[in-house]
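Here the structure is laid out as structure tokens; the discussion comes afterwards.
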Amino acid sequence: IERKFLIEYPDIAWLESLPNCSRIDVIQTYLTAKDGEERRIRQRGSEGHYMYFMTTKRGTGVKRIEVEKRLTKDEYLIALMETDVSRRPIRKTRYCLTWGIQYFEIDVYPFWQDKAIVEIELTDEHEPVELPPQLRVICEVTDDPEYKNARLAEM
């Protein structure tokens, strides 16, 4: 169960000063997929140390089925051959933040200077979300296809 919020561009210095926040660089590439399915690969890490993943998603809205598999660098490079050429790779900086008992992922994109996306995965769709007060929510975009990474890759 995942919820997403469009937020004002966060204070990066504040995020990077927090001991409970880590920075990760991400390159996300979409692959060709069957109807109703989304496939992507990711390189994530920092300072030359990367891990690689393939994710397959099915479903829409708040509840989606997501299967993630760790890849070797060679498997990642081979999977790149299946890139969906109608979409560009998405580059972003992700800040992984624990706040209270909740875990947030704040994605900052190089093509936005005034906004970012924050996501939280919940165990119950009715669980309250308690964002840090320093993150100013513009609106919830969980069900808005315009703010899915797959759509941003089309821009």
Side-chain angles (χ1 to χ4, degrees), residues 1-12 15-16 21-99 102-122 125 129 131-132 134-155:
I1 300 168
E2 186 177 87
R3 290 182 65 190
K4 291 174 88 169
F5 300 87
L6 185 65
I7 59 171
E8 292 179 9
Y9 197 88
D11 180 344
I12 300 301
L15 286 170
E16 291 182 349
C21 185
S22 60
R23 175 191 167 140
I24 299 169
D25 297 316
V26 177
I27 301 173
Q28 183 167 295
T29 304
Y30 286 87
L31 307 178
T32 55
K34 300 173 187 167
D35 288 341
E37 181 180 86
E38 178 184 291
R39 291 189 323 140
R40 67 171 187 233
I41 53 176
R42 279 187 174 164
Q43 171 185 296
R44 57 180 287 160
S46 62
E47 300 176 16
H49 301 284
Y50 297 102
M51 295 188 304
Y52 306 91
F53 299 89
M54 179 179 288
T55 304
T56 304
K57 289 186 177 186
R58 290 181 194 86
T60 58
V62 175
K63 291 183 181 180
R64 298 181 79 190
I65 296 173
E66 185 174 309
V67 178
E68 190 167 80
K69 174 188 171 193
R70 180 115 185 241
L71 301 176
T72 65
K73 184 176 183 178
D74 287 343
E75 289 170 328
Y76 173 81
L77 294 172
I78 290 167
L80 280 173
M81 299 301 290
E82 298 178 50
T83 296
D84 179 346
V85 295
S86 70
R87 298 177 178 169
R88 67 177 176 185
I90 292 282
R91 292 177 181 269
K92 59 187 173 183
T93 302
R94 171 167 282 175
Y95 292 91
C96 302
L97 171 65
T98 302
W99 190 261
Q102 295 184 318
Y103 172 77
F104 298 93
E105 295 177 336
I106 302 159
D107 289 342
V108 176
Y109 300 89
F111 48 83
W112 284 346
Q113 307 308 312
D114 60 341
K115 57 192 167 204
I117 298 282
V118 62
E119 293 183 14
I120 182 170
E121 289 190 20
L122 304 167
E125 63 188 284
V129 175
L131 287 159
Q134 293 85 346
L135 300 181
R136 293 180 197 91
V137 174
I138 297 169
C139 62
E140 183 166 359
V141 294
T142 301
D143 296 321
D144 189 337
E146 294 299 313
Y147 292 99
K148 298 206 179 298
N149 282 304
R151 179 64 62 93
L152 295 177
E154 296 173 357
M155 297 175 103

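In what follows, every heavy atom counts, from backbone to side chain, and hydrogens, waters and symmetry copies are set aside.
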Can you check side-chain contact (heavy atoms from CB on, under 4.5 Å) on D84 and R40, steps first, answer last?
-> CA-CA 9 Å; D84 179 346; R40 67 171 187 233; over 6 Å; no
side-chain contact (heavy atoms from CB on, under 4.5 Å) between T56 and E37, worked out = CA-CA 7 Å; T56 304; E37 181 180 86; 3.5 Å; yes
For Y95 and E16, run side-chain contact (heavy atoms from CB on, under 4.5 Å): C-alpha distance rounded to whole Å, both residues' side-chain angles, the deciding distance at 0.1 Å, then the answer.
-> CA-CA 8 Å; Y95 292 91; E16 291 182 349; 2.9 Å; yes
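Put simply, the side chain of L131 does not reach to within 4.5 Å of the side chain of W99, judged on heavy atoms. In this structure, the side chains of I117 and K92 stay at 4.5 Å or more apart for every pair of heavy atoms. At least one side-chain heavy atom of L122 sits under 4.5 Å from a side-chain heavy atom of R3. Side-chain contact between Y52 and K73: present, with at least one pair of heavy atoms (C-beta onward) separated by less than 4.5 Å.
Residue D107 comes nearest to A116 through the heavy atom pair O-CB, 3.2 Å, listed as atom of the first residue, atom of the second, then distance. Looking at every heavy atom in both residues, E2 comes nearest to T142 through O-CG2, 3.5 Å. Pairing each heavy atom of P132 with each of L97, the nearest pair is CG-CD2, 3.8 Å. Closest non-hydrogen pair, F5 versus V137, comes out as CD2-CG1, 4.0 Å. What you find for P110 and R91 is that their closest heavy atoms are CD-O, 3.1 Å.
Taken from OG1 in T29 to CD1 in I41, the straight-line distance is 5.0 Å, to the nearest 0.5 Å. For the atom pair Q134 CD and E8 CD, the distance stands at 13.0 Å (nearest 0.5 Å). The structure places CD of E140 at 11.0 Å from CG of L6, a figure rounded to the nearest 0.5 Å. Remark: R39 CZ to L31 CG distance equals 4.5 Å, nearest 0.5 Å. Of the inter-residue distances, the one linking L152 atom CG with R88 atom CZ reads 7.5 Å to the nearest 0.5 angstrom. Here L135 contributes atom CG and I7 contributes atom CD1; the two are 4.5 Å apart, rounded to the nearest 0.5 Å.
Ion pairing of K148 with E38 is absent here, as no side-chain N (NZ or NE/NH1/NH2) approaches a carboxylate O to less than 4.0 Å.
The aromatic rings of Y109 and W112 lie perpendicular to each other, with more than 60° between the two planes, well past the 30° mark.
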